[in-house]
2 protein chains.
Amino acid sequence: MVVSVRDVALAASVSVGTVSNVLNHPDKVSPATVERVTAAIEKLGFVRNDAARQLRAGHSRSIGLVVLDVRNPFFTDIARGAEERAAEARMTVMLGNSDEKAERERAYIDLFEEQRIAGLLISPLADDLPRLRRLRDRGTTVVLVDREVADESFSSVSVDDVGGGYLAVQHLAAQGRRRIAFVGGPMGIRQVVDRLEGASRAANEAGVSLEVILTDSLSVLAGRAAGDALSARAPEDRPDAVFAANDLLAMGVLQALMMRSSIRVPDEIALIGYDDIDFAAAAVVPLSSIRQPAELIGYTAVDLMLREAGGKSDPERVVFQPELVVRESTARPA
Amino acid sequence: MVVSVRDVALAASVSVGTVSNVLNHPDKVSPATVERVTAAIEKLGFVRNDAARQLRAGHSRSIGLVVLDVRNPFFTDIARGAEERAAEARMTVMLGNSDEKAERERAYIDLFEEQRIAGLLISPLADDLPRLRRLRDRGTTVVLVDREVADESFSSVSVDDVGGGYLAVQHLAAQGRRRIAFVGGPMGIRQVVDRLEGASRAANEAGVSLEVILTDSLSVLAGRAAGDALSARAPEDRPDAVFAANDLLAMGVLQALMMRSSIRVPDEIALIGYDDIDFAAAAVVPLSSIRQPAELIGYTAVDLMLREAGGKSDPERVVFQPELVVRESTARPA
DNA sequence: CTGTTAGCGCTTTCAT
DNA sequence: ATGAAAGCGCTAACAG
């Protein structure tokens with residue numbers, strides 16, 4: 001019941017080579033033969049075995065994408081952008097979710113390596129550079145997503161996270177906030193560290209205080225825990241503004257502040273997030289945020305990969321600039 | 001620069017067959033040899049070529065999952081559940097996003113078929129049963145996700161959408177609402193039709209009116225458009241409650257009502273969504289919704305697939321019951 | 001334009 | 001316990 005090129009060739013009274021040609025180079029075959037072979041394929045329900053194709057051809061038409069968290073709309077937006085560019089090149093994107101776990105990240109890299117993917121796009125958790133170098137040495141183009149790395153030999157598409165952190169805290173200070181808390185973590189994630197660095201710089205310049213409330217992930221749940229911790233403090237010990245390392249955290253903080261206790265945002269505590277996901281605008285209190293061009297990042301990442309793999313260019317590093325989006329959650333207190 | 005089993009065999013002074021055995025059946029090889037081969041693998045940086053493995057073995061260790069919309073947290077939650085169960089079986093899940101487009105759905109099914117995936121989990125858009133049957137006839141187990149189908153020979157994991165729609169409108173009517181609007185579409189999506197059917201039934205029983213506002217997708221954007229259309233009406237022509245076919249639509253409606261015009265929810269219009277995604281609770285007005293056990297659905301789908309593929313059982317159909325979650329958006333007007 | 005043929009890298013009998 | 005050898009299904013020379 002398993003139909004192979006051989007069966008198709010038989011049914012169409014041609015050789016297997018010709019069948020392969022109508023599959024891969026139809027221009028090299030006479031229209032009449034194409035017709036006949038196509039009909040046989042249809043009739044027999046032949047579907048090409050990609051493992052065999054790939055083994056022979058030596059390369060795959062899939063691109064691997066490893067993200068930190070599939071549940072974060074920022075990353076699914078990146079995935080959509082990547083898919084779009086891949087589709088233009090008649091390739092596909094396979095999505096792996098590391099869930100912020102180094103072990104799962106490693107597992108996906110290895111899996112993709114076994115599959116000899118055409119290229120790897122990765123938003124790396126740790127800097128497992130040796131593993132990435134090995135991949136590259138094998139001929140797989142690696143593009144770092146949402147992340148630059150000291151080693152300039154990797155292409156990367158990133159957003160200036162230090163600049164974004166700076167924007168956020170500068171804005172809070174400009175709204176008259178003096179005691180700012182940075183909510184984020186773990187510090188193993190570069191984006192978090194960079195945003196904190198930018199935040200510190202802005203805090204110093206503005207002469208406002210910045211405390212750090214560490215979270216163990218960048219999720220709504222972790223945000224809720226941080227918000228609860230904040231609510232549990234005596235009012236005079238609370239900050240008057242929170243900068244959350246991403247919108248998921250910010251939404252969690254918001255939920256905790258407004259629902260569990262009844263601290264008002266922005267009157268008592270102003271709140272700003274990061275990523276500007278679609279849901280930010282629809283939050284209980286519409287959330288100020290730092291916008292990153294997620295789809296464009298994904299699109300560009302595939303584009304760089306394709307160019308580098310095509311030998312058309314050397315590794316390139318693209319850096320986008322983030323943008324402050326002001327909404328109600330950081331309004332000046334009445 | 002490409003390391004194969006042959007190179008490893010050479011380096012370890014054994015035959016390729018032995019290398020293969022330490023890879024796949026280490027118990028059949030003496031510990032000392034295993035040691036030697038492993039060392040060689042490590043030293044040479046050998047990574048097995050999965051295309052070759054699969055070609056020879058005849059099957060893959062990947063499970064394909066096709067969802068309607070990766071940007072909908074409901075589906076990424078399903079994906080997480082599926083991944084979890086797959087990992088237990090040392091398999092992986094490849095995620096395909098049909099984006100509610102029949103053409104992309106077909107493309108992914110074909111792609112997965114070419115890859116000879118071990119099983120297909122699909123939340124089908126249209127009923128492309130012939131294509132799914134062909135897949136199954138080739139030996140690939142197909143499990144329908146979030147969807148039952150007349151053909152009982154397919155396993156499926158679904159949630160009672162008719163029941164869910166019923167719950168939603170019954171609740172609205174119980175809160176005293178008389179003019180209800182169902183916002184959803186396109187009608188090519190079964191879930192939408194079923195939820196509408198349940199809604200109609202409840203509306204009839206309660207003696208309230210139900211109008212349908214058709215959308216062209218189940219996204220925040222489409223919801224916003226529907227909300228704008230509602231706002232544009234004279235107040236006396238507006239419904240006093242909206243049941244949105246999913247939470248994304250509901251969030252869009254909410255944004256349009258509250259931000260573009262200033263129709264108050266729930267005072268002027270009550271609003272209930274579907275799926276109970278994490279963001280629903282954090283909306284401007286916390287959103288009532290119909291909860292579905294998303295991760296469990298994904299987990300169960302892989303489980304059914306594995307059981308059926310293992311020949312351990314016949315096709316099975318699991319149906320979960322949805323659950324009403326009441327929040328502020330459907331409170332009785334003051 | 002079409003047919004023949006040699007592998008791609010691996011797993012798996014079957015001997016030894 | 002290990003080695004030798006036969007393909008899995010397909011593509012890409014190369015010949016005709």
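Within every chain, numbering begins at 1; the chains are lettered A, B, ... in the order of the sequence lines, protein sequences first and strands thereafter.
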Rounding to a whole Å, what distance do you find between A/Q115:CD and C/dG9:P?
17 Å

Angle between the end axes of the helix from C/dC1-D/dG16 to C/dT16-D/dA1, five pairs per end, to the nearest 10 degrees?
30°

Which is it for B/R36 and B/V14 under the side chain to side chain contact (heavy atoms under 4.5 Å, CB included) test, yes or no, and what are the steps along the way?
CA-CA 9 Å; B/R36 212 141 38 86; B/V14 295; 4.1 Å; yes

Does anything in residues 29-45 of chain B reach DNA chain D, meaning a heavy atom under 4.0 Å, and if so which residues?
B/V29, B/S30, B/T33

Qualifying residues under side chain to side chain donor-acceptor pair (under 3.5 Å), relative to B/R317, sequence neighbours excluded:
none

So how far is it from B/S155 OG to B/D303 CG, rounded to the nearest 0.5 Å?
10.5 Å

When rounded to the nearest 0.5 angstrom, what distance separates OG in A/S60 from CD in A/Q115?
8.0 Å

For B/R71 and A/D77, run side chain to side chain contact (heavy atoms under 4.5 Å, CB included): C-alpha distance rounded to whole Å, both residues' side-chain angles, the deciding distance at 0.1 Å, then the answer.
CA-CA 7 Å; B/R71 303 184 6 152; A/D77 284 352; 3.0 Å; yes

Under the rule for side chain to side chain contact (heavy atoms under 4.5 Å, CB included), what residues qualify as partners of A/A102, not counting sequence neighbours?
A/R106, A/L125

B/F46: what forms a ring-ring contact (aromatic ring centres under 6.0 Å, His included) with it, not counting sequence neighbours?
none

My understanding is that only residues two or more places apart in sequence, or in another chain, count here; which of them pass side chain to side chain donor-acceptor pair (under 3.5 Å) with A/D146?
A/Q191

In chain order, what residues pass the salt bridge (Lys or Arg N to Asp or Glu O under 4.0 Å) check against B/E114, with sequence neighbours excluded?
A/R48

Return a single string for nucleotides 10-16 of chain C, one symbol per nucleotide in 5' to 3' order, where B is base contact, S is sugar-phosphate-only contact and - is none, cutoff 4.0 angstrom on heavy atoms.
BBB----

Of all nucleotides in DNA chain D with an atom under 4.0 Å from a non-hydrogen atom of chain A, which is the first and which the last going 5' to 3'?
D/dG9 to D/dA12

The criterion is side chain to side chain contact (heavy atoms under 4.5 Å, CB included); which residues satisfy it with A/A39, sequence neighbours excluded?
none

Which residues share a side chain to side chain donor-acceptor pair (under 3.5 Å) with B/D50, sequence neighbours left out
B/R53

With sequence neighbours excluded, give me every ring pair (Phe, Tyr, Trp, His ring centres under 6.0 Å) pair touching residues 77-126 of chain A.
A/Y108-A/F112

